Amino acid sequence: MRRSSARAAELAPAPSTDDPILQFRNLSMDYTGRSGRVTRALDGIDASVGRDEFVTLLGPSGCGKSTLMKIAASVVRATGGEVLFEGRPLAKPTSRIGMVFQQPILMPWRSVLDNVLFPIEMMGRSPRKHAEQARELLELVGLKGFESAMPSELSGGMQQRVAICRALIYDPVLLMMDEPFAALDAMTREDLGIELLRIWSERRKTVLFVTHSIQEGILLADRVLVMTARPGRIAASIPITLPRPRGMDMVSTDEYGRYAQQIRSIIAGAGH
Ligand SMILES: Nc1ncnc2c1ncn2[C@@H]1O[C@H](COP(=O)(O)OP(=O)(O)OP(=O)(O)O)[C@@H](O)[C@H]1O
Ligand SMILES: [Mg+2]
């Protein structure tokens, strides 16, 4: 038994660490509405996310960003093409991928701390052993003192921060975030963006981050994937070589301005 599995491992070599963590190959998605009308949300998506890379996915409302994230999280199944995760076809949800959705989706009957610890329970690990780590994450996102509060006592932005902690607690290889800061005020949003970069540089996680803010898309990214309006396609993949660590002061630099201009013209061009 052991021999045959060792043999199988020989025959199917482990993907090289140079391989992208996530790959979309000719991916398409058609939604069939109740009336039977078919909406093509994604069309021929070819894109990849490399190990330790921070990729932002930027595009107008309705272009299929959430759809793409849901496919990668195995929440919905694509109608065409394939997704490879760590070199293998992605078949089912995995704890190696952490997901922060556009809505926080917390359990209203559990405290903030217990919501953060929920994935640990689901994985059959001891929540008590991870409680300290959960408290540290909550402190990191400015929620110290709210550990025993219930979600209904928090603002929308605070709830979203709890959802971010919940995705970080089990240390996923790939962190996918779908407009996690959309419900936050501009100031908190900038602070959390910078904070996220700090976490990312410390822990070297691979991140795929959806936004429709050009500024957020550029400041966070190693590479920006620009999507066009429905049906969603990848119009450009733009490496961002602004120095790190990054801060809001970069927004006034010429280099930043050139990136913003380039992205705006791609989006505007694609609209015609
Ligand atoms: N469950 C669904 N059934 C039918 N159509 C859907 C469904 N979910 C999304 N769509 C359609 O697919 C398209 C893409 O939706 P999606 O939510 O992926 O866009 P998005 O880029 O995330 O937009 P936003 O920036 O507003 O969040 C839209 O036209 C939407 O109407
Ligand atoms: Mg969306």
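Position 1 is the first residue of the sequence, and the numbers go up from there. One-based numbering, in listed order, for ligands and for the atoms of each. Basis for what follows: all heavy atoms, side chains included, without hydrogens, waters or symmetry-related copies. Small disclaimer: the values here were computed from a predicted structure and weren't measured.
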Which ligand 1 atoms, with their elements, are less than 4.0 angstrom from a heavy-atom of Ser61? 23 (O), 24 (P), 25 (O), 26 (O)
Hey, does Leu174 have a side-chain heavy atom less than 4.5 Å from the side chain of Met176? yes
Students should be able to answer this: which protein heavy-atom is nearest to atom 31 (O) of ligand 1, and at what distance? Arg230 NH1, 4.7 Å
Atom 25 (O) of ligand 1 sits nearest the protein heavy atom Lys65 NZ, 2.7 Å
Counting only heavy atoms not in Gln103, do more than 12 sit closer than 6.0 Å to its CD atom? no
Taking the side chain as every heavy atom from C-beta outward, state whether Arg125 and Pro119 have any pair of such atoms under 4.5 Å apart. no
Quick check: does Thr67 have an N/O/S atom under 2.8 Å of the Mg ion (ligand 2)? no
Element-labelled atoms of ligand 1 that are located less than 4.0 Å from some non-hydrogen atom of Cys63: 19 (O), 21 (O)
So does Tyr170 have more than 12 non-hydrogen atoms from other groups sitting under 6.0 Å from OH? yes
Judged by non-hydrogen atoms, does Met227 sit under 4.0 Å from ligand 1? no
Is any N, O or S atom of Gln102 under 2.8 Å away from the Mg ion (ligand 2)? yes
Do Ile238 and Ile266 have side chains that get closer than 4.5 Å, going by heavy atoms? yes
Looking only at distance, does Ala41 have an N or O less than 3.5 Å from an N or O of ligand 1? no
For Gly62, is the nearest heavy atom under 4.0 Å from an atom of ligand 1? yes
Under 4.0 Å from ligand 1, counting heavy atoms only, is it the side chain of His212, its backbone, both or neither? side chain
Would you indicate whether the side-chain heavy atoms of Pro20 and Arg51 approach each other to under 4.5 Å? no
Given Ala182, Ser66, Pro231, which has its nearest heavy atom closest to atom 22 (O) of ligand 1? Ser66
Any heavy-atom pair between the side chains of Val210 and Met177 that's under 4.5 Å? no
Could you tell me if the side chain of Leu57 sits less than 4.5 Å from the side chain of Ile234, heavy atoms only? yes
Please confirm whether Thr67 comes within less than 3.5 Å of ligand 1 when only nitrogen or oxygen atoms on both sides are compared. yes
By number and element, which atoms of ligand 1 are closer than 4.0 Å to a non-hydrogen atom of Gln102? 27 (O)
Pairing donors with acceptors under 3.5 angstrom, does anything connect the side chains of Tyr259 and Thr253? no
Ligand 1-proximal atoms of Lys70, by part, heavy-atom distance under 4.0 Å: neither
Sub-4.0 Å atoms of ligand 1 with respect to non-hydrogen atoms of Glu179: 25 (O), 27 (O)
Less than 4.5 Å apart, any side-chain heavy atom of Gln215 and any of Glu190? yes
